[in-house]
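Hydrogens, waters and symmetry mates play no part in the numbers below; they use all other heavy atoms, side chains included. Chain letters run A, B, ... following the sequence lines, proteins first and then strands; every chain starts at 1.
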Number of protein chains: 2
Amino acid sequence: MTLGSAADLVHELKSKGYKITRQREAILKVLSSDECRLMTAQQIYEEVNATMPGTNFSTVYRNLEVLTQENIVQKIEINRDAAYYELAPDRDHHHHHLICKSCGSIKTTDFCPFEAMKDEDGFMPVEHRFEVYGYCKNCKQ
Amino acid sequence: MTLGSAADLVHELKSKGYKITRQREAILKVLSSDECRLMTAQQIYEEVNATMPGTNFSTVYRNLEVLTQENIVQKIEINRDAAYYELAPDRDHHHHHLICKSCGSIKTTDFCPFEAMKDEDGFMPVEHRFEVYGYCKNCKQ
DNA sequence: CTCGTTGCAAAGGCTTTGCAACGGC
DNA sequence: GCCGTTGCAAAGCCTTTGCAACGAG
């Protein structure tokens with residue numbers, strides 16, 4: 001699976017029968033921008049409106065839902081304040097999160113505990129979440 | 001640290017300057033009942049009202065917040081529908097969760113990936129969450 | 001032209017908060 | 001009696017939904 005560029009993702013959506021709107025393109029562009037992104041709907045909304053002014057909050061939410069269902073985006077519910085979204089593991093490299101309890105910054109780590117896990121009586125694992133909370137380099141004085 | 005019985009926890013709260021009310025006792029009793037519990041505020045509210053009819057939702061929430069801050073209870077935000085609460089790892093044995101994507105049942109596992117994690121450049125870990133989503137014995141046909 | 005998509009506004013659902021009454025200690 | 005706690009009702013906040021207008025193919 002190729003690491004998703006915005007254009008690739010647009011193409012993929014199209015081939016699945018979805019229409020390509022300027023709003024949809026803007027959202028995909030934000031999500032697949034260079035740096036590793038873990039964003040709230042609010043943040044995505046703001047960045048999208050920088051290129052596509054007038055785009056509605058509902059539109060962002062509805063598209064994030066479509067993208068999540070099509071497994072292009074992964075929804076992460078770290079805390080109840082707001083859900084986070086990022087490119088799905090298939091599109092990006094598999095990783096986990098280091099979350100600073102002080103400044104809220106989120107780093108990614110390649111360490112994955114999943115392989116080490118022994119069989120759990122009868123349970124068939126499909127997905128997993130591993131998040132570490134602590135203090136980042138700047139905040140740990 | 002002793003595994004918290006309701007009486008112990010009541011005593012601990014008292015020694016920290018909190019007043020002991022019948023509502024508070026009922027909440028602690030529910031949380032520290034025999035089986036490993038991972039409950040929503042709604043579920044706690046219902047069980048508390050079985051012994052203390054008339055207890056308000058706000059009271060449950062306010063107490064859960066106090067208990068979380070005093071590190072007696074741990075708040076787990078698995079999905080946005082509702083937060084889950086359980087005795088904090090210090091009070092209970094350390095464990096993680098196996099969550100069935102079909103029936104929603106939650107089992108616990110003693111497997112913990114934390115020791116295996118290598119140092120992450122400058123990040124000082126304090127807490128961690130590891131949750132595995134999949135299908136339980138009954139649902140995995 | 002058709003049917004998916006958007007904007008708008010309102011509703012939903014969990015959680016929090018203001019305030020007066022209550023009740024541990 | 002004091003001050004933390006409760007009950008009640010209302011508000012907050014993220015997210016979802018109904019509906020008419022829009023627009024991609």
Side-chain angles (χ1 to χ4, degrees), chain A residues 7 9-30 38-49 51-70 72-85 104, chain B residues 7 9-30 38-49 51-70 72-85 104:
Chain A
L9 297 177
V10 165
H11 182 73
E12 181 175 343
L13 269 188
K14 201 168 196 168
S15 72
K16 285 188 174 175
Y18 292 96
K19 290 178 181 172
I20 304 309
T21 62
R22 285 162 301 163
Q23 293 90 333
R24 208 158 253 170
E25 278 182 319
I27 292 170
L28 285 173
K29 194 171 160 196
V30 167
L38 187 64
M39 312 172 73
T40 62
Q42 171 75 42
Q43 292 173 314
I44 294 168
Y45 168 77
E46 282 166 12
E47 291 211 15
V48 164
N49 269 275
T51 38
M52 261 301 296
T55 302
N56 196 274
F57 234 124
S58 313
T59 303
V60 172
Y61 272 114
R62 278 191 277 233
N63 275 297
L64 287 174
E65 199 193 324
V66 165
L67 293 170
T68 301
Q69 294 209 329
E70 293 303 333
I72 290 172
V73 158
Q74 180 177 35
K75 185 178 183 179
I76 300 195
E77 331 214 359
I78 289 176
N79 60 50
R80 278 199 58 78
D81 293 343
Y84 286 83
Y85 298 86
Chain B
L9 298 177
V10 164
H11 181 73
E12 180 174 345
L13 270 187
K14 201 168 196 169
S15 71
K16 285 188 175 175
Y18 292 96
K19 290 179 180 170
I20 304 308
T21 62
R22 284 163 301 164
Q23 293 88 335
R24 210 158 249 171
E25 279 183 318
I27 291 169
L28 285 173
K29 194 171 161 196
V30 167
L38 187 64
M39 311 172 74
T40 62
Q42 170 74 43
Q43 293 173 313
I44 295 168
Y45 168 77
E46 283 166 12
E47 291 211 16
V48 164
N49 268 275
T51 38
M52 259 304 293
T55 302
N56 197 274
F57 235 122
S58 314
T59 303
V60 173
Y61 273 114
R62 278 192 277 233
N63 275 297
L64 287 174
E65 199 193 323
V66 166
L67 294 171
T68 301
Q69 294 209 331
E70 293 303 335
I72 291 173
V73 157
Q74 178 177 35
K75 185 178 182 179
I76 301 194
E77 331 217 356
I78 289 175
N79 60 50
R80 278 199 59 77
D81 293 344
Y84 284 82
Y85 299 86

* **Sugar-phosphate only, base, or nothing, as touched by B:Gly17 at under 4.0 Å among non-hydrogen atoms** => nothing
Checklist entry - Would you say a side-chain N or O of A:Gln23 is under 4.0 Å from OP1 or OP2 of D:dG23? => result no
request  = Mark yes or no for whether A:Gln23, through its side chain, and A:Thr55, through its backbone, hold a donor-acceptor pair below 3.5 Å.
outcome  = no
Note: for A:Ala41 and A:Arg22 on DNA chain D, the residue whose nearest nucleotide lies more 5' is A:Ala41
Nearest-nucleotide check on DNA chain D, B:Arg80 vs B:Phe57; residue mapping nearer the 5' end is B:Phe57
Test side chain to side chain donor-acceptor pair (under 3.5 Å), reference B:Tyr18, set B:Arg24, B:Glu70, B:Glu12, output is B:Glu70
Using a cut-off of strictly less than 4.0 Å, decide whether A:Asn56 has a side-chain nitrogen or oxygen near OP1 or OP2 of C:dC8. yes
Go through the N and O atoms of the side chain of A:Ser58 and the base of D:dT17, and report whether any donor-acceptor pair is under 3.5 Å. yes
Polar side-chain contact B:Thr40-C:dC14 base: donor and acceptor under 3.5 Å:
no
*side-chain N/O B:Arg24 vs D:dT5 OP1/OP2, d < 4.0 Å*: yes
Base, sugar-phosphate alone, or nothing: which one does A:Thr21 contact when heavy atoms must sit under 4.0 Å apart?
-> sugar-phosphate
Walking DNA chain C from its 5' end, the first of A:Thr59 and B:Tyr85 to be reached, judged by nearest nucleotide, is A:Thr59
